[in-house]
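So the structure is just underneath, and the comments pick up after that.
The structure displayed is predicted, hence computed values, not measured ones.
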Amino acid sequence: MESLFTRHVDDANRKDDLNRKAFESARAVRFYDFSTPRLFEGEATILESLRPALKEKRLLDIGIGGGRTTPFLLEISTDYTGIDYSARLVARARDKFKIDSIFQCDVRDMRRFADETFDFAFFSFNGLDYVSHEGRIKALAEIHRILKSGGIYMFSAHNRSYRYLREEPWGRGVAFGTLSFFKECVWQVLLIPRHYWMRRFEVNKRNYAVLNDSARRHSLLTYYITAPAQVAQLRSTGFTAIDVYDARGNPIEDDDSSPWIYYVARKGPA
Ligand SMILES: C[S@@+](CC[C@H](N)C(=O)[O-])C[C@H]1O[C@@H](n2cnc3c(N)ncnc32)[C@H](O)[C@@H]1O
C-alpha cells in the first residue's frame, strides 16, 4: 500500500531544490571547508598529466565548494575563475582565498561567460551529479559552449556499475566491530525516516539512475551513470576524444571497483 514514504514523486525541480538546500546549509560549509586542501588520487594523477597543456591557460573551476581544488589549480595557472551556485560556499571561498574571480553562478546558465572563454573546465568531486538529468544535459551544453576549440573538460561522476552500490555503510569499507562501524550503524537507523522520504524521488532509467545514497547523511539525490553511458552522453553533447579513468587515475573503459569515475573530454574544432 502506498504511504507518504513510499509514494513515488518524479519531479526534477523538487530534486534540484532538495540538493541545492543541502549545499546552502551551514553544515555544507563546514563539510567542504577542508583545513588541509588535498586532491583525490585520481585527480592528482590526471591533473599532473594535463599540467603542461594547462600552464598559464584560462581555467574554470566549477562547483568549487569551499575551494578544495583552488590552490592546486592556481599552481597551474593564475588565470583562475571559480563558480558555485551556493551563496554560502562562494562567500566562504572568497573570504578564504581573497580572489575576486570567484562568483555565484549556476553551471546550467553561464551567460556571464562568452562563448569560447576557457581552455579548461573542472567540475570536481562529482558536483555534476547533483542536478537533474535535464539539468545535466544543459550543464554539459553550457560547458561545451564556454570552452575554446580544443579545450578540455574534466570531471567525475558516480559509477552506476559500482559493485558496492546500495551496500552502505559496509560497502564503504567501514571495518566491522570498530567504533566507526558502530556509529555508522546508529546513524543508518536514525536516518531511516529521511532515507525513505528521499527515496520517493529516486529514478531508475535505462541509461542512468538518481539515488538517495548515504552521502551527507542521506540528504542528497545523486545521479549515477555507467562509464559507457557517460561517454555516449558526452559525445551527444559534442565532446570528442574522451578518456576515462578509475578512482586511482588508471585508464579504463568500464569498471565496477570505483565509486566514481573520472572523465577528460575535449571540445573538437567547430
Ligand atoms: C560535492 S560538492 C564538491 C565541492 C568541491 N568541489 C570539493 O571538491 O570539495 C559539489 C559542489 O557543486 C556545487 N554545485 C552543485 N550543483 C551546481 C550547479 N548547478 N551550479 C554550480 N555549482 C553547483 C555545490 O554547491 C557544491 O559546492
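Under the rule for a salt bridge (Lys or Arg N to Asp or Glu O under 4.0 Å), Arg30 has no partner lying at least two apart in sequence or in another chain. For Asp129, the side chain to side chain donor-acceptor pair (under 3.5 Å) criterion is met by Arg136, His158, not counting sequence neighbours.
Only one option out of Tyr262, Trp260, Phe31 pairs with Phe125 in a ring pair (Phe, Tyr, Trp, His ring centres under 6.0 Å); it is Trp260.
Arg160 and Asn204 share a donor-acceptor pair across their side chains, judged by distance under 3.5 Å alone. When only modelled atom types and interatomic distance are considered, Tyr162 and Asp255 share no side-chain donor-acceptor pair under 3.5 Å. Defined by atom type and a distance below 3.5 Å, a donor-acceptor pair is present between the side-chain atoms of Asp61 and Thr69. At a cut-off of 3.5 Å, with distance as the only test, no side-chain donor of Gln188 or Ser214 sits close to an acceptor on the other residue.
Between Arg248 and Asp246 there is no salt bridge, since no side-chain nitrogen of the basic residue lies less than 4.0 Å from a carboxylate oxygen of the acidic one. One finds no salt bridge joining Glu56 and Arg51 here, because no Lys/Arg side-chain nitrogen approaches an Asp/Glu carboxylate oxygen to under 4.0 Å. Between Glu24 and Lys21 no salt bridge is recorded (no basic side-chain N to carboxylate O distance below 4.0 Å). We find that Arg112 and Asp109 are not joined by a salt bridge, their nearest charged nitrogen and carboxylate oxygen being 4.0 Å or further apart. Remark: Glu116 does not engage Arg145 in a salt bridge, criterion side-chain N to carboxylate O under 4.0 Å. Between Asp16 and Arg108, at least one side-chain nitrogen of the basic residue sits less than 4.0 Å from a carboxylate oxygen of the acidic one, meeting the salt-bridge criterion.
Cation-pi geometry between Arg58 and Phe118 is met: the NZ or CZ atom falls under 6.0 Å from the ring centre, inside 45° of the normal. In this structure, Arg20 fails the cation-pi test against Phe23, since its NZ or CZ atom is not both closer than 6.0 Å to the six-membered ring centre and inside 45 degrees of the ring normal.
Using modelled atom types, no side-chain atom of Asp119 and backbone atom of Lys57 make a donor-acceptor pair closer than 3.5 Å.
At most 12 non-hydrogen atoms from other residues, nucleotides or ligands lie less than 6.0 angstrom from NZ of Lys205.
Closest non-hydrogen pair, Ser258 versus Asn159, comes out as O-ND2, 2.9 Å.
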